[in-house]
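Beneath this line is the structure, given in structure tokens, with notes to follow.
The structure presented is a predicted model; accordingly, all values stated were derived computationally and were not measured.
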Amino acid sequence: MVVTSLEIAPWTSGWTQTLLDDVASLRLPKLHNLSLVFNHTAGDTRPSHEDQVVSPILGFISASHCTLTHLHILLMSIDVGYTISTAELLALLSGTPQLTHLSIVEDAPTLLTDEFLAVLSYRGFCPKIEALELVWAFESPAFTEASLPND
């Protein structure tokens with residue numbers, strides 16, 4: 001079996017440390033495409049340390065000796081809550097220097113901050129990026145076309 005793509009959804013139905021522990025034990029040397037789906041709902045608990053999300057993923061990438069070139073991150077906060085922090089994202093990107101494609105889609109301004117964009121623009125950070133997709137897909141009953149500023 002040759003696995004080149006993997007999707008990890010650690011918060012699909014609550015926090016599952018076991019899932020990340022299992023992923024950390026995988027060895028996928030041909031992996032080049034990784035999708036991370038963070039789906040937080042009311043009642044989910046977060047790890048006691050933020051790096052408990054990124055550390056197992058980085059350990060898995062390192063132990064697999066794979067050249068990860070595509071990273072897609074989807075953050076969906078159904079209710080207000082913790083998903084992944086900017087510091088965690090920056091640590092993940094620092095540990096994947098071969099990335100050529102980065103996609104971040106979120107439904108609230110969590111990761112796509114001035115801090116993140118400033119670091120991303122530094123020369124030498126993610127030096128091989130060829131395609132960058134940053135999407136803030138906000139959807140709320142309180143957000144309507146009528147609330148948009150007029151040109």
Once you round to the nearest 0.5 Å, how far does CG of Leu99 lie from CD of Glu130? 11.0 Å
Rounding to 0.5 Å, atoms CG (Leu34) and CD1 (Ile61) come to a distance of 5.5 Å
Taking Ser64 for the side chain and Phe60 for the main chain, is one N or O donor matched with an acceptor at less than 3.5 Å? yes
Identify the heavy atoms of Pro97 and Ser94 that sit nearest to each other, and give their distance. CD-O, 4.1 Å
Results of ring-ring contact (aromatic ring centres under 6.0 Å, His included) for His101 - residues two or more places apart only: His70
dist Glu88:CD -> Leu58:CG (nearest 0.5 Å) comes out at 10.5 Å
By the definition side-chain contact (heavy atoms from CB on, under 4.5 Å), identify the one residue from Leu112, Leu134, Leu74 that meets it with Glu106. Leu112
Rounded to the nearest 0.5 Å, how far does CD of Gln98 lie from CD1 of Ile129? 10.5 Å
Donor-acceptor check, side chain of Ser62 to backbone of Gly59, threshold 3.5 angstrom: yes or no? no
Do Leu71 and Leu92 make a side-chain contact, defined as non-hydrogen atoms from C-beta onward lying under 4.5 Å apart? yes
Would you compute the distance between atom OG of Ser103 and atom CG of Leu132 and round it to the nearest 0.5 angstrom? 8.5 Å
Between CG of Leu102 and OG1 of Thr69, what distance do you get to the nearest 0.5 Å? 11.5 Å
Between Phe116 and Leu93 the two heavy atoms that sit nearest each other are CE1-CD1, 3.7 Å
Please output the side-chain donor-acceptor pairs of residues 1-8 that fall under 3.5 Å, not counting sequence neighbours, one pair per line with the distance.
unit_1 : atom_1 : unit_2 : atom_2 : d
Ser5   : OG     : Asn33  : ND2    : 3.4

